[in-house]
2 protein chains.
Amino acid sequence: MSTHDPRPARPALPELVTPAEVAALFGVDAKTVTRWIAHGRLPGVRTPSGHHRLRRTDIDRLLKDAGSASAPPSS
Amino acid sequence: MSTHDPRPARPALPELVTPAEVAALFGVDAKTVTRWIAHGRLPGVRTPSGHHRLRRTDIDRLLKDAGSASAPPSS
DNA sequence: TAAAATTAGGGTAATTAGGGCG
DNA sequence: AATGTCCTAATTACCCTAATTT
């Protein structure tokens with residue numbers, strides 16, 4: 001029983017990035033990123049005005065799935 | 001505004017490049033590059049819509065490695 | 001408040017994926 | 001087995017203007 005309430009209930013605010021950021025990472029146009037969200041291909045939040053924002057964690061997950069390098073072009 | 005807003009837009013260079021870009025570097029058709037990825041000969045990322053993207057670092061590594069026959073990086 | 005940069009939205013041309021063929 | 005070219009359908013890039021953000 002902790003006499004004190006540390007109140008560490010930190011919801012860990014997700015780091016939101018702009019479509020331009022994601023576009024630069026994927027090597028596509030920012031408009032394409034918004035299109036991905038619009039088509040439900042990519043999870044993203046929307047500002048009350050209609051601007052898109054994406055969670056860096058989601059983006060990082062997609063990028064890490066690439067399996068960077070370690071693939072010698074030999075059989 | 002609350003103090004300064006640390007949003008320096010990040011470096012965010014095009015980390016991923018298109019098959020056409022890689023194809024031009026290797027002197028092959030873009031379709032060949034996608035085939036390399038399909039056959040697992042080259043590491044690549046897949047955009048949420050199915051298009052291929054390759055890591056610039058991987059490509060640069062392969063190209064650099066190509067001339068390692070006799071090219072000591074003297075200072 | 002004003003200005004500059006970014007974003008959304010529409011429209012059109014270029015690129016890409018996928019299969020098949022030589 | 002590997003690469004290039006032809007085809008169609010889907011996706012993307014760049015043009016513009018208006019709204020939003022910083």
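As the structure is a computational prediction, the values presented were derived from the model and not from experiment. Below, chain A is the first sequence line, B the second, and so on; all start at residue 1.
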*How many Å lie between CZ on A:R46 and C1' on C:dT7, as a whole number?*
11 Å
*Reckon B:H52 has a side-chain N or O less than 4.0 Å from the OP1 or OP2 of C:dA17?*
yes
*Dot-bracket for DNA chain C, 5' to 3', with Watson-Crick and G-U pairs under 3.5 Å, [ ] for crossing pairs and | for other-strand pairs: what is it?*
..|||||||||||||||||.|.
*side-chain contact (heavy atoms from CB on, under 4.5 Å) between B:H52 and B:V45: does it pass, once the steps are laid out?*
CA-CA 6 Å; B:H52 291 107; B:V45 203; over 6 Å; no
*B:S49 side chain near D:dT12 phosphate (N/O to OP1/OP2, under 4.0 Å)*: yes
*Which is it for B:L42 and B:L62 under the side-chain contact (heavy atoms from CB on, under 4.5 Å) test, yes or no, and what are the steps along the way?*
CA-CA 10 Å; B:L42 207 59; B:L62 290 175; 3.2 Å; yes
*Would you say a side-chain N or O of A:T18 is under 4.0 Å from OP1 or OP2 of C:dT7?*
yes
*Interatomic distance where CG belongs to A:L42 and P belongs to D:dT12 [whole Å]*: 11 Å
_Carboxylate-amine/guanidinium proximity below 4.0 Å for B:E21 and B:R56_ = no
*Nearest-Å distance for atom pair CD1/C1', residues B:I37 and D:dT3*: 16 Å
_Ignoring hydrogens, what is the shortest heavy-atom contact between B:L16 and B:R55? Give both atom names and the distance._
CD2-CG, 3.7 Å
_Least distance between heavy atoms, A:V28 atom then A:W36 atom_ = CG2-CH2, 3.9 Å
*asked:* Side chains of B:H51 and B:R46: any donor to acceptor distance under 3.5 Å?
replied: no
*Where is the tightest heavy-atom contact between A:P19 and A:A30, given as atom of each residue plus distance?*
CB-O, 4.1 Å
*Of the candidate nucleotides C:dT16, C:dG9, D:dT21, which contains the atom at the shortest distance from the side chain of B:H51?*
C:dT16
*At their closest point, which heavy atom of A:P43 faces which heavy atom of A:L54, and how far apart are they?*
O-CD2, 4.0 Å
*5′-ward residue of the pair B:G50/B:W36 relative to DNA chain D*: B:W36
Between protein and nucleic acid, restricted to nucleotides 13-18 of chain D and to nitrogen or oxygen atoms under 3.5 Å apart, what atom pairs and distances do you find?
unit_1	atom_1	unit_2	atom_2	d
D:dA13	OP1	A:D29	N	3.0
D:dA13	OP2	A:D29	N	2.9
D:dA13	OP2	A:T32	OG1	2.1

*A:R53 vs A:T18, side-chain contact (heavy atoms from CB on, under 4.5 Å): CA-CA, chis, key distance, verdict*: CA-CA 5 Å; A:R53 286 219 131 128; A:T18 60; 3.8 Å; yes
_Among D:dT12, D:dT20, C:dA17, which nucleotide has an atom closest to any side-chain atom of B:P19?_
C:dA17
*Rounding to a whole Å, what distance do you find between A:L54:CG and C:dT6:C1'?*
15 Å
